[in-house]
Amino acid sequence: MSENTITETTNGHDEAHTPSSEDLHKLELQRRTNRDAVSDLGLRPYGSRTPGLMDLIEAHNAYDESSDKANKESVAARKAFKKDNPDASEDQQPALVDDRPIVKVAGRVVLARDNGKLVWLNLRDHSSEAFQIAVSKRDCDEQGFALAKVLDMGDIVIAEGPLTKTNTGEVTCWASSLRPGSKCLVPPPEKHAGLQDPETRARKRYIDMWANPETTRTLMLRSRIVSAIRRLLGERGFVEVETPMLQTQAGGAAARPFLTHLNALDIPLSLRIAPELYLKRLLVGGMPRVYEINRNFRNEGVDKRHNPEFTAIELYEAFGDVESVMDVTEAIVREASRVARAERGIEGTTLSYGDLEIDYEQPFLRVTYAELFEKALGFPMSDVGKARAEAQKRGYKTKNEKGVEFDDLWVVNELFEGFAEKLIDPARPTWVMKYPAALSPLTRPNEEDPSFADRSDLFIAGMEIGPHYTELNDPDVQEAKFREQLSGIDDEESTFRTFDEDFIEALKVGMPPAGGMGLGIDRLVMLMSGKETIREVIPFPFVRPKQS
RNA sequence: AGGGACGUAGCUCAAUGGUAGAGCAUCGGCCUUUUAAGCCGCUGGUUCAGGGUUCGAGUCCCUGCGUCCCUACCA
């Protein structure tokens, strides 16, 4: 008896814990009946520890042509002998040859074809969409065959047996035993169309994952990409750190934070919107190259490219600059694309995204903010009067409700985002370099022209993937920029924008010159997996809670 | 926040304002090389909720709830 066999005559279910039948859908009731049938066979419907399992793909690859042939020939020879010598005894027959590899596998039943005394099952696991098991009355043990007759789609089973090829050439585990892995009491989605409803897909990801194998593949690709990034950064001497998620002041970005409260000290706290100011403190302390891959929380809009919590990598390199961290990012994106191509079995050097074919092996294009602006608008961005007129002509606001004129560069940037960004070829990863200094409060101004900052943003497929900076490490300049930012903001904004004095204090201690960057992991995985919504690449994206 | 589309069986989807349907799944029967197995038979619905118009509403109107898309917002 295997460890999956029970000897006591209980079905293992306390009647008191069984929901009243009136509450349940008839399809679930039927499945509960089928679960009882499993118990009645003396088997545990919910399985138990099972050593020695192979992934389905491993089992498939373990097939051995010559041993299968030898076995089939010996079976045929015995059959022929028996036909010619009907009265011969067992031991006079030709020997049965069977060196076929035996595999032990587990998976969820996604298709089943019951031919009477032969039941075909297709199992699915993380490695394979469908691996065939044959459960025959002749060759499988009695309990296993009986189990095959009472299975429901979606059940998890464990099969063991030799590998053979069917008449149509499909590698199949010809089960000698079949045992329950787990019962699925919930009616599964349609077996071909899968689960389509986007709401259910997000809410019940555990169903989506097995009904739509692509979902699992995407989430596994995400994991492999993140691992590859860690490996690459480790090789380059970067150390991974963790900095506070709960912050007394949510700094390092301009976004509304989520607010919470620390009871022990009776003080308000924010969930972080970025780790930047803490990572820089680590540079002050003497860590040479640091990064963090972790969650940020922003209390802003939710749409196909924004989730309230999202994963970003932030990275800082002491004695580097914007160029050195751009190199790191190009290496990361290129490596991620290689992982994605390998994982998805894609030949060549491109990955598709919508209609685009994006080549990540070529060096990324480089343009400056000013060049792109002039190309799009037809006049240099230094001509702020013209910019203001142009903005008004194109219907942009140039002053606030109280009639106060917006800053020149704010107007320039509106035009840039409205027109210049559209000139970037979405199929070519592109660096936009040298942003206006006024837009980048944490960036060091360019040495030759301080009206520009040494900041570059990476654009791919029309998405802003992440900013890169030569970090500002002069505490006085930093303090002045903070104060400048805080002036001229309205009351609502001032409730969540605060002045981080300790950060200035840290800079006073002395931060080495440094390059820094931030990169959205979710958006990177969207590009690498070809998914056009952020929900596809997050295991459990935010969904509105169900009303009871 | 504004605009648009949608909500029908467990799932995927149909149904000029005129008897709510199909496929798959389920349930019963047959079948030892099937693979979207096949064959025979059965079952399955408060058409998101609540109002209204009408002889008659899944369909038209209103309100609410929910989802998706576009726009806006969002270093």
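The sequence lines fix the lettering, A, B, ..., with proteins before strands; numbering per chain opens at 1. Only this structure's heavy atoms are used, side chains among them; waters, hydrogens and symmetry mates stay out.
- Listed pair A:R113 / B:A37 meets the phosphate criterion, a side-chain N or O lying under 4.0 Å from OP1 or OP2.
- Counting any heavy atom pair closer than 4.0 Å across all strands shown, A:Q132 reaches a base atom.
- Note on A:Q196: only backbone sugar-phosphate atoms sit closer than 4.0 angstrom, heavy atoms only; bases stay farther off.
- The shortest distance between the side-chain N/O atoms of A:K191 and the OP1/OP2 oxygens of B:U26 is not below 4.0 Å.
- No engagement by A:G518 is indicated, since no non-hydrogen atom pair under 4.0 Å with the nucleic acid exists.
- Using a 4.0 Å heavy-atom distance criterion, A:L27 is classed as a base contact.
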List the protein contact pattern of nucleotides 27-32 of chain B with one symbol per nucleotide (5' to 3'): B for base contact, S for sugar-phosphate-only contact, - for none; contact means a heavy-atom distance under 4.0 Å. S---BB

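- Under 3.5 Å, the side chains of A:R113 and A:Q132 contain a donor-acceptor pair of N or O atoms.
- Applying the 4.0 Å criterion to OP1 and OP2 of B:C68, one finds that A:R535 has a side-chain N or O inside that range.
- Taking atom CD on A:E414 and atom C1' on B:C73, their separation rounds to 11 Å, with Å as the unit.
- Counting to the nearest Å, the P atom of B:C48 and the CG atom of A:D197 are 14 Å from each other.
- A:P189 comes within contact range of the sugar-phosphate backbone alone, with a heavy-atom separation under 4.0 Å but no base atom that close.
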Side-chain donor-acceptor distances from residues 533-545 of chain A under 3.5 Å, at least two apart:
{"residue": "A:E536", "atom": "OE1", "partner": "A:R201", "partner atom": "NH2", "Å": "3.1"}
{"residue": "A:E536", "atom": "OE2", "partner": "A:R201", "partner atom": "NH1", "Å": "3.0"}

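- Contact between the side-chain N/O atoms of A:R544 and the OP1/OP2 oxygens of B:U67 is found at a separation under 4.0 Å.
- Ring centroids of A:Y435 and A:Y369 are separated by less than 6.0 Å, placing the two rings close together.
- Put simply, the side chain of A:H306 and the base of B:C74 share a donor and an acceptor less than 3.5 Å apart.
- Nucleotide B:U67 holds its P atom 5 Å from the CD atom of A:E199, rounded to whole Å.
- Side chain to side chain, A:D474 and A:Q478 fail the donor-acceptor criterion of an N or O pair below 3.5 Å.
- A:Y469 comes within contact range of at least one nucleobase, with a heavy-atom separation under 4.0 Å.
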